2 protein chains.
Amino acid sequence: MKIDSEHLEILAMIVERGGLTEGAEALGKSQPSVSRTMAIFEKRLGVPLFEPGRRPLRPTDLGLELARIGQRIHNLSLEASVLVDRVQSGRAGHLRIGGTPLFMDGVITPLLADLQEQVSGLQFEQAYGYFDSLATRLRNKTIDMAVLPMHARQIPIDMDFLPILSGRNVIACRQGHPLTRRGAITLADIAEFSWVSPPQDSPLFRDLKRVIQSIGASENVKFTFSGGTLASITSFLARTNCLTVLPYSVVHMVRDALRITTLPVRVDHPERQLGILSLKGGDQPTAAQTVIDHIRSHCAALEARIEKEQQFAALRA
Amino acid sequence: MKIDSEHLEILAMIVERGGLTEGAEALGKSQPSVSRTMAIFEKRLGVPLFEPGRRPLRPTDLGLELARIGQRIHNLSLEASVLVDRVQSGRAGHLRIGGTPLFMDGVITPLLADLQEQVSGLQFEQAYGYFDSLATRLRNKTIDMAVLPMHARQIPIDMDFLPILSGRNVIACRQGHPLTRRGAITLADIAEFSWVSPPQDSPLFRDLKRVIQSIGASENVKFTFSGGTLASITSFLARTNCLTVLPYSVVHMVRDALRITTLPVRVDHPERQLGILSLKGGDQPTAAQTVIDHIRSHCAALEARIEKEQQFAALRA
DNA sequence: GTGCTCGCTGTCGATCTTCATATCAAAACC
DNA sequence: GGTTTTGATATGAAGATCGACAGCGAGCAC
């Protein structure tokens with residue numbers, strides 16, 4: 001005998017509320033509907049659930065026991081509700097984020113960790129890549145969003161791009177680097193030191209070359225170390241006098257923890273902006289909006305701090 | 001957001017069976033029905049339960065969690081099923097039995113205890129009364145069945161009577177009573193002893209008077225103790241040399257435990273039979289049939305033993 | 001590319017819900 | 001104690017929803 005769990009829930013509510021009418025009301029159903037449902041249920045069981053011929057409906061022993069089970073089913077159903085509510089409101093869920101390695105490790109991951117602190121229940125899956133692979137993965141739906149630097153004119157027609165930070169780059173070195181003690185830094189000063197470069201297929205590597213060109217030091221540049229992750233680059237920087245080019249935002253986020261700093265040298269920065277790329281109409285998980293909001297607000301604050309710092313640095317220079 | 005527990009059950013089954021078609025089959029529903037139900041469910045949630053565009057339908061994380069809840073709901077539903085099955089098959093339930101006090105305490109209660117040992121889950125409620133009150137309570141439905149001695153012609157038109165034992169009475173006394181040591185007992189012998197009588201409104205009391213008349217001792221009968229329950233009567237008998245009249249079946253059941261026995265004196269026994277009275281078409285709880293069957297089979301055995309004993313006693317006399 | 005399996009959609013019949021109303025048991029009243 | 005009132009449940013008929021069958025379309029494998 002298969003029993004309909006909804007019947008049990010209805011029974012539970014009737015017993016809890018002490019009457020068919022009240023139970024129906026609590027269930028958001030009409031009284032006749034509930035009455036008939038219970039009548040059918042009783043008929044199918046062949047055993048009475050309510051004492052016959054009693055006007056304020058009183059459950060039999062079996063009715064009480066089944067009602068207890070119905071109550072448990074109802075509780076489980078409520079449990080499912082809160083689960084769904086959490087996911088619906090973006091406070092829980094699974095999100096696959098791809099992005100350029102340095103920016104992900106330097107800026108996004110700390111922000112995600114921060115968000116996770118605030119609302120537990122989110123799960124992130126991180127993937128690394130540059131524009132082409134990220135775009136492909138978005139179209140494949142193997143990631144939900146990508147975080148990367150882009151030119152406005154580079155945005156694919158089938159995607160949305162939401163800028164979150166200016167793409168400003170800086171020359172970075174360890175804290176206490178000889179160059180940081182100088183008042184004004186000349187190109188000759190810089191030329192003394194060798195460079196650590198980001199992965200050679202990264203946009204940042206092209207930025208690096210541009211920077212070096214712009215300061216006229218392109219001739220005999222020494223690359224001591226190339227490729228790797230943010231961790232390896234900063235680790236290398238911290239132990240040597242090498243220089244590198246990094247997004248200002250990344251340096252800003254990690255400079256205290258990883259003991260690196262920026263050189264007060266103006267480098268021209270590309271017109272790209274760091275932002276979030278996503279498929280148009282891609283039906284994002286609701287958690288995505290929560291994450292995007294979080295990233296945006298924090299990056300806006302970050303951008304403001306960076307702006308202030310740069311003005312201060314310019315004044316000092 | 002109220003969630004339909006049935007949707008969760010369906011989801012659980014789909015996940016468990018690893019496919020929509022198999023799930024539908026396991027649920028005894030058609031595949032399109034299940035498909036549409038899940039589609040509506042997803043739409044209402046606004047969150048996908050299955051990874052979109054995957055052919056062997058694969059649940060999302062949320063889908064998995066909800067399925068787990070659905071599985072628990074399903075288990076509760078099964079629990080309810082076995083509960084109902086037990087009640088349906090009479091292996092559980094609540095039964096209100098009324099009857100004449102001595103017969104209830106002496107014969108029926110031990111049998112019910114015996115039955116309870118075999119199939120736990122039954123609940124009994126015992127009530128005492130004689131014909132009129134028992135019939136009224138049957139019609140009021142405050143008891144489900146009555147156990148009492150009846151004449152065939154006394155059976156109300158709206159009731160069924162199922163005989164279970166002959167109404168044979170005997171003279172009872174304590175084991176080791178002086179009269180038990182004699183070979184043959186004369187009326188004079190009996191006249192020496194005083195009597196314990198059952199409640200004066202009981203049919204057994206009328207039997208007692210008839211017995212006394214039939215042995216011609218009606219003149220100076222002494223009643224030492226009257227009324228009370230089987231426990232009080234037997235307790236009184238055991239400590240004195242008093243006599244009483246009891247149904248043979250009652251004596252047979254309790255003689256070892258309560259140290260009483262019968263006197264080998266023929267007493268004429270009424271034409272009544274001990275049996276079970278119930279309302280016609282009274283829609284008995286299924287447990288009632290189980291109980292009735294149990295009582296009948298044991299009483300049949302009891303009757304057979306009594307028969308044998310009486311033949312033996314007659315031989316000896 | 002081609003076959004195959006599996007899931008989605010259109011249509012019809014069955015079931016369930018609802019509003020209005022009858023019936024009934026318990027309480028209140030005379 | 002009998003009758004009326006009241007509060008609560010059952011029932012009837014119309015409308016909405018759900019389920020089954022047939023047919024279509026999309027992923028997956030070879």
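So you know, we letter chains A, B, ... as the sequences are listed, proteins then strands, and number each from 1. The shown structure was predicted, so the numbers you read here are calculated from the model rather than taken from an experiment.
For A:Thr21, no side-chain nitrogen or oxygen approaches OP1 or OP2 of D:dG7 to under 4.0 Å. In terms of phosphate contacts, A:Lys29 brings a side-chain nitrogen or oxygen within less than 4.0 Å of OP1 or OP2 of C:dT17. Of the side-chain N and O atoms in B:Ser35, none sit less than 4.0 angstrom from OP1 or OP2 of D:dG19. When the side-chain nitrogen and oxygen atoms of B:Ser30 are compared with OP1 and OP2 of D:dG19, none of them lie within a distance under 4.0 Å.
Residues B:Lys280 and B:Asp158 are not paired through a salt bridge, judged by the lack of any N-O separation under 4.0 Å between the basic side chain and the carboxylate. A:Glu125 has no carboxylate O lying under 4.0 Å from a charged side-chain N of A:Arg137, or vice versa, which leaves the two without a salt bridge. Classification of B:Arg72 and A:Glu79 as a salt-bridged pair holds, one side-chain N sitting under 4.0 Å from a carboxylate O.
B:Phe50 has its CZ atom 13 Å from the C1' atom of C:dC6, to the nearest Å. Here D:dA8 presents its P atom at 19 Å from CE of A:Met38, a figure rounded to the nearest Å. One atom, CG of B:Leu27, and another, P of D:dC18, lie 17 Å apart when rounded to the nearest Å. In this structure, B:Lys43 places its NZ atom 12 Å from P of D:dC18, rounding to the nearest Å. Atom CG in B:Leu20 sits roughly 17 Å away from atom P in C:dT5 (whole-Å rounding). Atom CZ in B:Arg58 sits about 15 Å away from atom C1' in C:dC6, given to the nearest Å. Atom CD in A:Glu51 sits about 17 Å away from atom C1' in D:dA8, given to the nearest Å. Straight-line distance from the CD atom of A:Glu25 to the P atom of D:dG7: 15 Å, rounded to whole Å.
Of all the residues in residues 6-18 of chain B, not one reaches under 4.0 Å from DNA chain C with any non-hydrogen atom.
Between the side chain of B:Arg36 and the base of C:dG7, no donor-acceptor pair under 3.5 Å is found. B:Gln31 contributes no side-chain N or O that forms a donor-acceptor pair with the base of C:dC6 under 3.5 Å.
Remark: A:His294 pairs with A:His298 by the ring-ring contact (aromatic ring centres under 6.0 Å, His included) rule, at least two apart or across chains. In this structure A:Asp105 satisfies the side chain to side chain donor-acceptor pair (under 3.5 Å) test together with A:Tyr128, sequence neighbours excluded.
Side-chain contact check for A:Pro149 versus A:Phe131: every heavy-atom pair is 4.5 Å or farther apart.
Among the protein residues, A:Ser33 comes within range of the nucleic acid bases, having at least one heavy atom under 4.0 Å from a base atom.
Evaluated for a side-chain contact (heavy atoms from CB on, under 4.5 Å) with A:Ile97, the options A:Asp144, A:Val147, A:Thr109 yield exactly one hit, A:Val147.
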